[in-house]
Amino acid sequence: MATPDTIPVAGVMNPNNESFIMTDTLLSSTTPLSLKTILSPSSVLNLFLIWLGYRVLLALYNISPFHPLYKFPGPKIAAATFLYEAWYDWILQGQYTNKIREMHGRYGPIIRISPHELHISTPSFADEVYPSSSSLRIRDKSQHQLNTGGAGPVSVTGFSTVSHELHRLKRAPLSKFFSRSQMLSLESEVTDYARRVVDKLLRIGSVQNVKEAFNCFTADVIAQYAFGESLGFVDQEGTWEPNFATWTSSFMRAAYGMRHNALMRRSAAALPFLASRMNLMGEDVKRVLHVMEVLVPEFIRKALGSDEAKDDGKGGVFAELIRGISENGKKKKLTEDEMYWLSGEGFNFLLAGTETTAAILTTITFWLLAKPTVYARLMQDVAPLNPDTIKWTELEQKPYMWAVVHEALRMMPGVSHRSARVARTEDLVFRDKSNGSNKEWVIPRGTPVGMTSMIQHWDEELFPCPDEFLPERWLLEDGKPDYKLQKNLLSFGKSGHGRACIGESLAYCEVYIMAALMAFHVVPRAKLVDTTRANFDYDHDMIVPQTKFGSISCKIAIQ
Ligand code: HEM
């Protein structure tokens, strides 16, 4: 209890005006550790100096020979402090990939990009950084990288899990729903949505941004498949906006701030409260929070509750998943934690499966319109197919179609920034063979090592004239697809790696079907409006590739 000597809140009633006033007497009569003492300018300054001293000592240690990564090349400032990475990632907004590319030019194929992380630009080393899941080699993610995911249910998904083993446990029950055979059975539904999008594009006619149309398509397909209910974006009359991607762009913009600023991460946890009770957030953030905190959990609860929804086989992934989990032959009651995790996974499907696939489709549409020779060759390739009955499996057998899709995946990978892995149980050995050297580097176990699609896909030895959209580069002399070259793509992560994209087959199915329908029905009647390659040229990262104008966009007018 507070005694007169230790009154924690310094205030008394003023007998004249009955207001609550602070008194110096009370403030000064407290113990030596009163709030006033702690918050006095000199104490604050002292605390700050102690913190600064600690930071300076840490920076000195980071660049000293005592640090395990001391010998690796790179600018000392990047090795000394995370502020360097934060400056390019956060303050200059997604510019660290460009800086890393420049650093490779100066220091070689292996560089230290932060106090704890290395980056490699030699494509063949991707097999070491991201080994196939069948090799059973352990790869964790690094928490620093995952901090971009911020707070809320998304932060407990498999994607956002550091540990290799825990990730496998979280991914296993979901991955069977995204196998190629499963996607083949979903194909008719994908085609149905794609046809509705094409019909609507032709119906609207006037100038439209096809990226928004594709965002509606991909969000509705994944929602329908995952939850048994679409989000209704394609059915919006006469418009493609708003859609899920427009809502999430403010979230994406905050990603690097979250990575580098603990305060921002803490505040993100309070977002639902600020949005719903205090009305402090913009409409987009409110909507996306509504999807994450209300809509997706409702879908999951519905899947839990209603047996009818599940038995017709159309209840979606979560209904199936929950039906599959039983205890002693009875439906298992999910715990709050399990519900929270599944809500995160559901939201993540929308987040990961919308903008990425839409960006590939937008890129294909643009180049088909910008390069009539590419379009003519594609049409030659698919001419034997009947546009009314096209099939994904037929389309991917067409070499030029295959080449167009892979060239678009090269230039517009799903995630443009680095993705590091931590080999917890083994040292990795990197051999630098550049410029006639044959130097061996032993990377200590536990070190995050990253590679970047946007750097690998612009490797001039693998992809000469990388700025050009050249589907031909994907074909061998006999005109067949170059599957060996395909292994160098990091668009879905490294193929076969346990943490690569779970939705790869769904994405391929959507891309082949929609691209073919666009080529048959829309491209011949469309022309580009206010759209040039500058609307596609990579400038910086916001998780996904960004141009100097922001997101990629492609406006077309249809006659
Ligand atoms: C062309 C379209 C797509 C591209 C280029 C793409 C790309 C990627 C990449 C690069 C990763 C790995 C990120 C990392 O290294 O941490 C990833 C992970 C993931 N993607 Fe995709 N993605 C696409 C479509 C989809 C779709 C349609 C879904 C829908 C289910 C999806 C769901 C996921 C999930 C859940 C993960 C996390 C996997 C895990 O950590 O186990 N993606 N994606």
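Source: prediction; values computed, not measured. Residues: numbered from 1 along the sequence shown.
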*Asks:* What's the separation between atom CE in Met183 and atom OH in Tyr225, rounded to the nearest 0.5 Å?
*Replies:*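 Met183 CE to Tyr225 OH: 4.0 Å, rounded to 0.5 Å.
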*Asks:* Look at the side chain of Arg424 and the backbone N and O of Ser163, then say whether any donor-acceptor pair between them is shorter than 3.5 Å.
*Replies:*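 Side chain of Arg424 to backbone of Ser163, a donor-acceptor pair under 3.5 Å: no, none is there.
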*Asks:* Can you confirm whether the side chains of Asn147 and Gln143 place a donor and an acceptor under 3.5 Å from each other?
*Replies:*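 Side-chain D/A pair, Asn147 to Gln143: present.
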*Asks:* Could you check whether Lys170 makes a cation-pi contact with Phe159, meaning its NZ or CZ is under 6.0 Å from the centre of the six-membered ring and within 45° of the ring axis?
*Replies:*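 The answer is no; the distance or angle limit is not met.
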*Asks:* Hey, could you give me the CG/CG distance between Leu485 and Leu476, rounded to the nearest 0.5 Å?
*Replies:*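 That separation rounds to 9.0 Å.
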*Asks:* Give a yes or no answer on whether the side chain of Asp381 reaches the backbone of Tyr400 with a donor-acceptor pair at less than 3.5 Å.
*Replies:*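 Yes, Asp381 side chain to Tyr400 backbone: donor-acceptor pair under 3.5 Å.
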*Asks:* Closer than 3.5 angstrom, by distance alone: can the side chain of Tyr512 be matched with the main-chain N or O of Thr393 as a donor-acceptor pair?
*Replies:*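 Looks like no, no N/O pair under 3.5 Å.
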*Asks:* Compute whether any side-chain donor of one residue and acceptor of the other, for Tyr88 and Gln93, lie under 3.5 angstrom apart.
*Replies:*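 Their side chains do not contain a donor-acceptor pair, so the 3.5 Å distance test is not met.
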*Asks:* Verify, without hydrogens or angle tests, whether Tyr130 (side chain) and Met451 (backbone) share a donor-acceptor contact under 3.5 angstrom.
*Replies:*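 Checking the backbone N and O of Met451 against the side chain of Tyr130, a donor-acceptor pair under 3.5 Å is found.
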*Asks:* Compute both the distance and the angle, then confirm whether Arg196 meets the cation-pi test with Tyr193: under 6.0 Å from the six-membered ring centre, within 45 degrees of the axis.
*Replies:*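 Yes, cation above the ring, under 6.0 Å and within 45°.
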*Asks:* Classify the angle between the aromatic ring planes of Trp474 and His406 as parallel (below 30°), tilted (30 to 60°) or perpendicular (above 60°).
*Replies:*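 Answer is tilted, since the angle falls between 30° and 60°.
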*Asks:* Is the closest basic N to carboxylate O distance between Lys99 and Glu85 below 4.0 Å?
*Replies:*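 The answer is no: the pair does not qualify as a salt bridge.
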*Asks:* Looking at Thr531 and Val529, would you say the former's side chain and the latter's main chain have a donor-acceptor pair under 3.5 Å?
*Replies:*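 Yes.
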*Asks:* Would you say Asp220's side chain and Val234's backbone share a donor-acceptor pair under 3.5 angstrom?
*Replies:*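 Side chain of Asp220 to backbone of Val234: a pair is present.
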*Asks:* Pick out which of Trp392, Tyr508, Tyr483 makes a ring-ring contact (aromatic ring centres under 6.0 Å, His included) with Trp402.
*Replies:*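 Of Trp392, Tyr508, Tyr483, ring-ring contact (aromatic ring centres under 6.0 Å, His included) with Trp402 is met by Tyr483 alone.
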*Asks:* Going through the checks in order, is the ring pair (Phe, Tyr, Trp, His ring centres under 6.0 Å) test met by Phe430 and Phe72?
*Replies:* CA-CA 12 Å; Phe430 175 76; Phe72 290 93; 9.2 Å; no
*Asks:* Using a 3.5 Å distance criterion without hydrogens, assess whether the side chain of Thr354 forms a donor-acceptor pair with backbone atoms of Leu351.
*Replies:*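 Between the backbone of Leu351 and the side chain of Thr354 there is no qualifying donor-acceptor contact (under 3.5 Å).
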*Asks:* Can a side-chain donor-acceptor contact be found between Glu117 and His144 if the only test is distance below 3.5 angstrom?
*Replies:*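 No, because no side-chain N or O of His144 sits under 3.5 Å from a partner of the opposite role on Glu117.
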*Asks:* In Å and rounded to the nearest 0.5 Å, what is the CG to OG1 distance from Asn215 to Thr356?
*Replies:*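 Reported value, rounded in 0.5 Å steps: 9.0 Å.
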*Asks:* Between Glu212 and Lys555, does any side-chain N to carboxylate O distance fall below 4.0 Å?
*Replies:*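 The answer is no: the pair does not qualify as a salt bridge.
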*Asks:* Does the Arg195 side chain pair with the main chain of Asp388, one donor and one acceptor, at a distance under 3.5 Å?
*Replies:*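 A pair under 3.5 Å: yes.
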*Asks:* Salt bridge check, Glu355 against Lys211: does any charged N sit closer than 4.0 Å to a carboxylate O?
*Replies:*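 Looking at Lys211 and Glu355, the cut-off is met.
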*Asks:* Parallel, tilted or perpendicular for Phe318 and Phe349, by the 30°/60° rule?
*Replies:*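 Tilted, since the angle between the ring planes falls between 30° and 60°.
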*Asks:* So how far is it from Ile552 CD1 to Asn209 CG, rounded to the nearest 0.5 Å?
*Replies:*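 Result: 9.0 Å between the selected atoms.
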*Asks:* Which class fits the ring pair Phe469 and Trp367: parallel under 30°, tilted 30 to 60°, perpendicular over 60°?
*Replies:*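 Correct class here is parallel.
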*Asks:* Is the Trp90-Tyr96 ring centre distance short of 6.0 angstrom?
*Replies:*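 Judged by ring-centre distance (under 6.0 Å), Trp90 and Tyr96 do not meet the cut-off.
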*Asks:* Quick one: do Glu165 and Arg168 make a salt bridge, cutoff under 4.0 Å?
*Replies:*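 Salt bridge flag = no for Arg168 with Glu165.
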*Asks:* Please say which of His119, His417, His104, Arg418 ends up in a side-chain hydrogen bond (donor to acceptor under 3.5 Å, both in side chains) with Thr452.
*Replies:*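 Exactly one option meets the side-chain hydrogen bond (donor to acceptor under 3.5 Å, both in side chains) with Thr452, and it is His119.
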*Asks:* Could you tell me the separation between the SG atom of Cys509 and the CD atom of Glu396, rounded to the nearest 0.5 Å?
*Replies:*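 Output value for this atom pair is 9.5 Å.
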*Asks:* Is it true that a side-chain atom of Ser160 and a backbone atom of Val154 form a donor plus acceptor pair closer than 3.5 Å?
*Replies:*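 Yes, because the side chain of Ser160 sits within donor-acceptor range (under 3.5 Å) of the backbone of Val154.
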